[in-house]
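Below is one structure, written out as C-alpha cells; the observations come after it.
Values below: every heavy atom of this structure, side chains too, minus hydrogens, waters and symmetry copies. Letters go in sequence order (proteins before strands), and every chain restarts at 1.
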2 protein chains.
Amino acid sequence: MTKSNYHHGDLRNSLIDTAIQLMGEHGVTRLSLREVAKSAGVSSAAPYRHFRDKAALLEAVASVGFRRIEKENSGACEKFPDDPCEQLRAAGLAYLHFAAEEPEIIALMFGRGVSLENCGDELQQAAQGAFQSLARIIEKGQSRGVFKRLELHDMTLATFSMVHGLSMMLALGPLKPAQSDSARINALGNLATTMLLEGLLER
Amino acid sequence: MTKSNYHHGDLRNSLIDTAIQLMGEHGVTRLSLREVAKSAGVSSAAPYRHFRDKAALLEAVASVGFRRIEKENSGACEKFPDDPCEQLRAAGLAYLHFAAEEPEIIALMFGRGVSLENCGDELQQAAQGAFQSLARIIEKGQSRGVFKRLELHDMTLATFSMVHGLSMMLALGPLKPAQSDSARINALGNLATTMLLEGLLER
DNA sequence: ACCTGAACACCGTTCAAGT
DNA sequence: ACCTGAACACCGTTCAAGT
C-alpha cells in the first residue's frame with residue numbers, strides 16, 4: 001500500500017520523507033541523493049522527474065520546517081489569545097523543542113544547503129509565512145501598548161534572531177543537551193524570553 | 001617566495017588560506033579538498049599529510065573565525081574600558097561586520113560542516129575563547145551593577161544567541177544586505193543592542 | 001619527512017531507451 | 001508520463017612508490 005503509492009504519484013513526497021529520515025540518521029552533510037533514491041526504492045535518476053536538483057529536494061525539506069514553525073507560532077497565539085508575552089514565550093519554547101527534536105532540519109534551513117534568497121517560490125513563501133506569524137505576535141503586543149513601538153520589521157528580526165540563535169546552539173552548538181532534555185530546554189527558553197522582554201539592564 | 005614556502009613547512013597554513021579564499025568565491029558547499037589542493041599547487045593526496053580529513057581542514061578554518069571573534073571582543077573591551085553597554089554594542093557590531101564580510105566562514109562555524117562537540121582541541125579552545133571573551137563583558141556589567149544578576153553562563157548564551165542569530169540572517173538569510181552596506185549593518189546592530197539592553201517591554 | 005600517481009568506491013547529473 | 005541503466009566528470013580517501 002505505502003510502497004505501491006510511491007509509483008503512482010507520490011514519489012515526490014516519499015523522497016522528502018525519506019530525506020528527512022536519513023538526515024536524522026547521519027546528518028545533512030552525509031546525505032546523498034542516490035542514497036535517498038535507493039532508500040525510497042527507486043533508481044538514482046528518478047528524483048530528477050520531481051526535483052530539478054539535489055538542492056531543490058533540500059529546499060522542499062526546508063519548506064517543511066518553516067511551515068512547521070509557522071504552525072507552532074499560530075498555535076501559540078491561539079493558546080494565549082490575550083497575552084502577547086505568553087504568546088512569545090510559547091512560540092519560543094516550541095521553536096526550541098523543534099530544534100532539539102530535528103536539529104538537522106534546522107541546520108539545513110539556515111546553516112547552508114539552502115540559500116533563502118535564490119530559492120524557489122515554495123521555500124520563499126514558507127520562510128516568509130514563518131516570519132510573519134511572529135511579526136503578528138509583536139504587532140499585537142505593540143497595539144496593546146505592552147511592547148515598544150520600534151520598527152516592526154526590525155523588532156521581529158531581533159526577536160527571531162534571539163530564539164533562532166539559541167536554537168542553533170541547542171541544535172548543533174556547544175550545548176547540545178542530553179537527548180532532548182526537556183527541562184533544560186524549557187529553562188533556557190524561559191530565560192531567553194525573560195531577557196528578550198526585560199533586557200539585560202537592571203531596572 | 002610565497003610559493004616556495006608552501007614546500008618547506010607552510011603547506012598547512014597555505015591550505016587554510018586557500019580554502020578561505022575559495023569559500024569566498026563559491027561557498028562552503030561547493031568546496032572540494034581536491035580543488036583546494038590543486039589551487040595550492042599540490043597533489044590531491046598532499047593535504048592528508050597535514051589534516052586527517054576534509055573535516056579537519058574545515059575545523060581549522062572555523063578556528064580562525066572564532067579567534068577573530070575573540071580578538072574583536074577583547075578590542076571592544078579595551079576601547080570602552082568603563083562602559084559594559086558600549087562594550088557590548090561594539091562587540092556586536094564587530095561580529096555583524098565580520099559576518100557580512102566573511103559569510104561563508106560564519107556559515108561554516110555554525111551552519112554545519114563542523115560539529116563543535118566532536119571536534120579537535122584547537123577548535124574547541126577557539127570556540128570557548130570567543131564565548132568567554134563575551135562572558136567577561138557581561139560579568140563586568142554585573143559586578144558594576146548595571147546588568148541583571150542572572151546566571152552568567154545563560155546570560156552570555158542569550159546575548160551570544162541574539163547577535164549570532166542576527167549575523168546568520170545577515171550572512172545568509174533573507175536580508176543579506178547589498179554587498180556590505182555598512183550603514184544598514186550598523187542600524188541593525190544598534191537596534192539589536194538596544195533591544196538586548198532594554199527589552200521588548202514598554203517601561 | 002613530505003609529496004606524487006594511480007586506484008577504489010562513491011557522488012551529482014544527463015540521456016537514450018524502456019513501459 | 002514516469003522510470004531505468006549506463007555513462008561522464010567529479011569527489012574523498014588510501015597506499016605504494018618516489019625524493
Given a 3.5 Å cut-off on both pairing distances, which stems involving DNA chain C, each at least three consecutive Watson-Crick or G-U pairs, are present, if any?
C:4-8 with D:12-16, C:12-16 with D:4-8
Could you give the [atom1]-to-[atom2] distance, from [X] to [N], as a whole number of Å?
X	N	atom1	atom2	result
B/R49	C/dC3	CZ	P	9 Å
B/R30	C/dT13	CZ	P	9 Å
A/Y48	D/dG5	OH	P	17 Å
A/L15	D/dC2	CG	P	13 Å
A/L11	D/dT4	CG	C1'	13 Å
B/K54	D/dG12	NZ	C1'	8 Å
A/F51	C/dT14	CZ	P	16 Å
B/D53	D/dC11	CG	P	17 Å

With a 4.0 Å cut-off, would you call [X] and [Y] a salt bridge?
X	Y	result
A/E72	A/K79	no
B/E139	B/R136	no
A/E59	A/R52	no
A/E86	A/R89	yes

First of A/R34 and A/A46 reached from the 5' end of DNA chain D, by closest nucleotide
A/A46
By the definition side chain to side chain contact (heavy atoms under 4.5 Å, CB included), identify the one residue from A/D83, A/V163, A/N73, A/T159 that meets it with A/L88.
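Among the candidates, only A/T159 passes.
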When you match A/L31 and B/S44 each to their closest nucleotide on DNA chain C, which lands nearer the 5' end?
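Going by which nucleotide is closer to the 5' end, it is B/S44.
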Under 4.0 Å, counting only non-hydrogen atoms across every strand here, what does A/S32 touch: a base, just sugar-phosphate, or nothing?
sugar-phosphate
Chi angles and distances behind the ring pair (Phe, Tyr, Trp, His ring centres under 6.0 Å) call for B/F131, B/H153
CA-CA 9 Å; B/F131 190 84; B/H153 181 272; 5.4 Å; yes
B/V42 side-chain proximity, nearest of D/dT4, D/dT13, C/dT4:
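So the nucleotide nearest the side chain must be C/dT4.
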Over 12 non-hydrogen atoms of neighbours within 6.0 angstrom of CZ in A/R144
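Check passes, neighbour count above 12.
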